[in-house]
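Report on the structure given below.
Every chain is numbered from 1, with letters handed out A, B, ... down the list of sequences.
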Amino acid sequence: MNVPNLKASNFKSDITPIWCPGCGDFHVLMSITKALAKLRRPPEDIAVVSGIGCSSRIPAYTNCYGFHGVHGRSLAVAAGLKVARPDLTVMAMSGDGDGFSIGGNHFLHARRRNVDMTYIVMDNRVYGMTKGQPSPTTESDWDSALSPGGTGLRAFHPLVIALASGANFVAREFSGNIKACTQTIVEAVNHPGFSFVEILSPCVTFRPDEKEWKNQVHEASVAETDDPARAARRIMTDDGMNTGILYRGPRKPYSASVSDEVGDVSALEQFFEI
Amino acid sequence: MTASLEPANSISFAIVGTGGAGAITAGSMLIEAAGKAGYYGLLTRSVGPQIRGGEAAALVRLSTKPAACMSKEFDILVAIDWKNADRFIGAMPVAEGGLVICGPAAGDPPRAIRETDCTIIECPIGELAKSVPGGRENMISAGLVAELIGMPLEEIRNVVSGKLASKGEKAVEASHGCLEIGAQTAAGFDHTCRLAAPEEGSNKRWLITGNEAVGLGALRGGVRFAAAYPITPATEVLEYLSPALASVGGALVQAEDELASINMIIGASFGGRPSITATSGPGLSLMMESLGLAAASETPIVVVDVMRVGPSTGVATKSEQSDLNIAVYGFHGDAPHVVVAPLSVSDCLFTGQWAVHMAETLQTPVIVLSDQSIGQARVLIDRPADITFMTRRKPFDADGEAYQRYAITADGVSPMSTPGQAGGQYTADGLTHTERGSPSSARSDQKEQLDKRHDKIARFNFGNHWGITEGDSARATVILTWGSLTGAAREAIDALQDEDIPVRLVSLRQISPFPEEPLKAALAGTKRLLVVEQSYSAQFYRHVRSYIDLPFEVRQLNREGPYEIGPDEIVTKIREWNDQ
Ligand SMILES: Cc1ncc(C[n+]2csc(CCOP(=O)(O)OP(=O)(O)O)c2C)c(N)n1
Ligand code: SF4
Ligand SMILES: [Mg+2]
């Protein structure tokens with residue numbers, strides 16, 4: 001159902017976010033509500049599903065149907081929901097810990113499966129909610145109480161892995177650029193299949209250095225591609241601060257879905273009669 | 001049972017051969033033919049440690065009354081070959097006076113057989129098969145067995161015609177030829193082992209496994225979505241559901257692991273579709289955190305656990321009742337939910353449907369504790385009755401007032417809106433929440449929501465489905481058991497009856513919440529109580545004792561798998577007690 005004249009405020013709830021002042025996630029919330037208004041679907045036709053983390057608090061701050069599940073499983077909840085209810089617009093949300101660490105296996109398989117939904121990861125390169133431990137995207141020398149002197153581990157590259165495992169739409173944005181974020185989310189939702197948007201979203205409390213991101217990000221100087229190899233090469237060689245839609249692919253979305261038909265179970269019983 | 005003249009009410013046979021020999025096919029055809037002839041029966045398969053190409057055996061029991069468990073000894077054993085049989089022949093001992101048929105070319109019978117006081121007849125099964133163009137040894141074996149037990153060859157001929165129709169007339173003819181030759185050969189043996197005539201007026205039979213029955217029950221209950229990760233011995237639930245769901249407009253998604261499967265069904269159920277998954281112990285362990293989420297977010301789901309020998313990987317292909325503790329007590333925090341256990345293969349159908357009904361009505365996770373012994377047994381049953389529950393989620397009607405997803409109500413169940421419904425938006429949450437669903441750490445919210453989730457289950461009317469009692473209430477000796485061991489206990493009681501030892505049966509289908517009052521009432525008048533369960537640490541006994549006193553003389557028969565507790569052991573235990 002398309003409804004005209006929806007405003008971002010129609011998609012906002014009256015619950016006050018628990019986020020620290022200045023947290024990038026405020027901007028992400030703004031972009032999401034603006035994007036939803038542009039999509040012109042009423043809030044009851046949208047489901048926002050998340051895991052656990054500061055970023056994963058987002059569903060309750062929207063006026064859509066929300067599901068705030070356990071740590072790392074937002075993609076599984078979202079996939080089940082979309083297959084069961086193909087009529088809904090389903091969006092999954094995670095932090096970098098939720099999406100790439102504890103939920104890492106689902107990260108791969110959700111892309112392979114290519115269920116038609118949009119996945120937004122608010123990447124702050126830290127575990128915010130548990131107060132500052134390194135995540136898979138944290139730089140190897142980032143010092144913390146849990147890993148003094150840094151983990152010594154190479155950071156995980158979500159966009160490349162997304163491409164390699166079959167994502168159908170891949171983009172990176174910066175939370176502070178609300179206009180670009182909004183437009184990319186709209187494109188992501190409208191693209192059939194699994195769309196992945198990584199939003200660099202600073203954790204001002206545990207990564208104050210990320211306040212600099214606004215000066216470091218820059219729009220990708222090259223246009224998007226439908227060639228995953230090119231897209232991967234580009235992402236591998238950029239400085240990690242490139243933004244914009246990087247890849248849009250032609251894969252067909254996952255096909256199984258549940259319909260409203262009641263179905264005759266008694267017909268199944270003949271199978272057991274001898 | 002030497003050349004017994006008196007026909008028996010129950011006969012068991014095993015057909016053994018290497019993977020490709022078709023032993024299982026022969027057993028399946030025989031049981032189907034028996035069903036058409038009006039018998040009851042049960043088929044299990046025993047496979048060696050190799051998954052494929054190894055040895056395989058069809059174990060079949062046919063009877064005039066419903067058969068709940070496999071015999072511990074076999075009246076007839078047909079060995080197409082003995083390859084590697086040493087490794088698993090222990091699972092199918094031949095009864096004293098029983099009959100073993102094997103080819104001279106098949107080599108020496110294993111030691112266990114040679115040491116049994118039984119008749120061994122050498123019969124050139126391979127040669128006989130070769131005498132028919134396209135003939136196969138398994139069909140010779142089926143013919144042998146049919147003749148020995150006195151089953152009309154016509155029945156099995158018909159089954160063969162049906163099953164092999166797609167392979168063409170030649171295949172059917174070859175099989176018919178083999179059946180004839182097998183039967184003629186057995187007619188020349190100086191040994192029979194007749195099955196008594198089936199009871200008159202026998203109903204139409206179904207041939208079904210527990211894993212299929214639980215799936216069908218769930219479909220009857222309204223399930224339209226499943227997600228799962230394969231695991232023995234639960235995989236057949238999924239393999240049954242996949243096409244069955246598709247045929248009624250539903251879907252099954254193969255997930256990447258059990259963490260995904262449980263969360264997928266939670267998502268689908270949140271979307272308004274009754275949903276299910278099936279797994280076994282290792283998978284259930286992975287699901288625990290999210291089962292708690294379903295409890296806290298009040299999302300209806302059904303999880304079928306087809307229990308196997310644990311802990312860890314244990315013995316994947318054998319049964320145990322040792323997941324009671326994790327199913328009832330494995331959640332962190334206080335998370336009221338429902339745990340039920342089917343009492344037999346046919347009861348898997350009822351319990352599956354009932355589980356969906358409770359999950360949907362109570363908006364809670366329901367765990368069904370089936371196990372390998374009933375999940376994988378293929379059984380002839382009477383067509384199960386149609387059951388109707390008024391299954392539906394308490395609906396949300398937009399009436400202008402602000403919607404409160406977790407509203408406190410008299411019965412503890414809150415109206416549940418469905419995505420797409422305007423005005424019903426809420427965020428389902430595993431965080432402690434207010435009635436409206438917003439996250440809260442207030443003491444009052446934690447208490448109120450715990451109370452409501454407790455009350456909705458405590459106040460639910462479980463009807464008389466909590467379990468069964470059988471036998472005259474004046475009988476002072478009682479067997480108390482649960483789930484799949486009900487059948488073995490029932491058979492033990494029948495056997496004891498023949499010895500004039502009267503015993504009563506009480507068996508629980510409802511494990512949690514504990515059916516305290518009905519069980520107390522059922523146990524009234526008890527003097528001696530034998531608690532029977534397949535668990536090393538007596539999980540069931542301890543569970544019962546944590547709710548009620550058992551002010552009787554109490555003994556326990558509890559043991560780990562893989563060797564299933566059978567009627568014989570129960571009989572011995574009671575008889576010994578009786579003699580004291
Ligand atoms: C199973 C489990 N393990 C650990 C936690 C603790 N925990 C909560 S949030 C979190 C990390 C969140 O990091 P991220 O996903 O990056 O979100 P952010 O807070 O940075 O937005 C962890 C480890 C948990 N809730 N559940
Ligand atoms: S801790 Fe970091 S991520 Fe969490 S709310 Fe504060 S700034 Fe945002
Ligand atoms: Mg983070």
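- Among B/Asp386, B/Leu380, B/Val253, B/Leu219, the residue making the largest number of heavy-atom pairs under 4.5 Å with chain A is B/Val253.
- Heavy-atom distances place no part of A/Ser266 under 4.5 Å from chain B, backbone and side chain included.
- Contact of B/Ala244 with chain A is made through backbone and side chain together, with heavy-atom distances under 4.5 Å.
- Considering all non-hydrogen atoms of both residues, A/Ala79 and B/Met264 come closest at CB-CE, 4.3 Å.
- In terms of non-hydrogen atom pairs under 4.5 Å with chain B, the most contact-rich of A/Glu273, A/Arg113, A/Arg112 is A/Arg113.
- Top candidate by heavy-atom pairs under 4.5 Å with chain A, chosen from B/Gly271, B/Gly249, B/Ala260, is B/Gly249.
- Of the atoms belonging to A/Asp260, heavy atoms from both backbone and side chain fall under 4.5 Å from chain B.
- Contact of B/Leu431 with chain A is made through the side chain alone, with heavy-atom distances under 4.5 Å.
- The aromatic rings of A/Phe272 and B/Tyr240 lie tilted to each other, with the angle between the two planes from 30° to 60°.
- Interface remark: B/Pro384 contributes no atoms to any contact with chain A (heavy atom separation under 4.5 Å).
- With a 4.5 angstrom heavy-atom cutoff, A/Asp264 touches chain B only via backbone atoms.
- Most heavy-atom pairs under 4.5 Å with chain A, from the set B/Glu32, B/Glu289, B/Arg383: that is B/Glu289.
- Per-residue counts of heavy-atom pairs under 4.5 Å with chain B were compared for A/Ala256, A/Ala110, A/Ala60; the largest is that of A/Ala60.
- Chain A forms more heavy-atom pairs under 4.5 Å with one residue of B/Ile262, B/Asp257, B/Leu252 than with any other, namely B/Asp257.
- With a 4.5 Å cut-off on non-hydrogen atoms, B/Ile381 does not touch chain A at all.
- Looking at A/Ile274, the atoms closer than 4.5 Å to chain B (heavy atoms on both sides) sit in the backbone and in the side chain alike.
- Only the side chain of A/Arg57 comes within contact range of chain B, with at least one heavy atom under 4.5 Å from a heavy atom of that chain.
- Of all the heavy atoms in A/Glu261 and B/Ser247, the pair that sits closest is OE2-O, 4.4 Å.
- Contact of A/Ala78 with chain B is not made at all, since no heavy-atom distance falls under 4.5 Å.
- Here the closest non-hydrogen pair linking B/Ser438 and A/Ile15 is CB-CD1, 3.6 Å.
- When each of B/Gly430, B/Gly250, B/Gly35, B/Ala422 is checked for heavy-atom pairs under 4.5 Å with chain A, B/Ala422 comes out on top.
- Only the side chain of B/Arg273 comes within less than 4.5 Å of a heavy atom of chain A; its backbone N, CA, C and O stay farther away.
- Between chain A and the residues B/Ala251, B/Ser269, B/Gly222, the most heavy-atom pairs under 4.5 angstrom are made by B/Ala251.
- Here the closest non-hydrogen pair linking A/Phe67 and B/Ser297 is CZ-OG, 4.0 Å.
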Legend entry - From CA spacing to verdict: side-chain contact (heavy atoms from CB on, under 4.5 Å), A/Arg85, B/Phe270: CA-CA 10 Å; A/Arg85 288 293 306 277; B/Phe270 170 73; over 6 Å; no

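- Proximity to chain A is absent for every atom of B/Ile265, based on heavy atoms less than 4.5 angstrom apart.
- Judged as a side-chain hydrogen bond (donor to acceptor under 3.5 Å, both in side chains), the pairs with a partner in residues 18-35 of chain A (not counting sequence neighbours) are, in order, A/Asp25-A/Ser201.
- Heavy atoms of A/Val70 lying under 4.5 Å from chain B belong to its backbone as well as its side chain.
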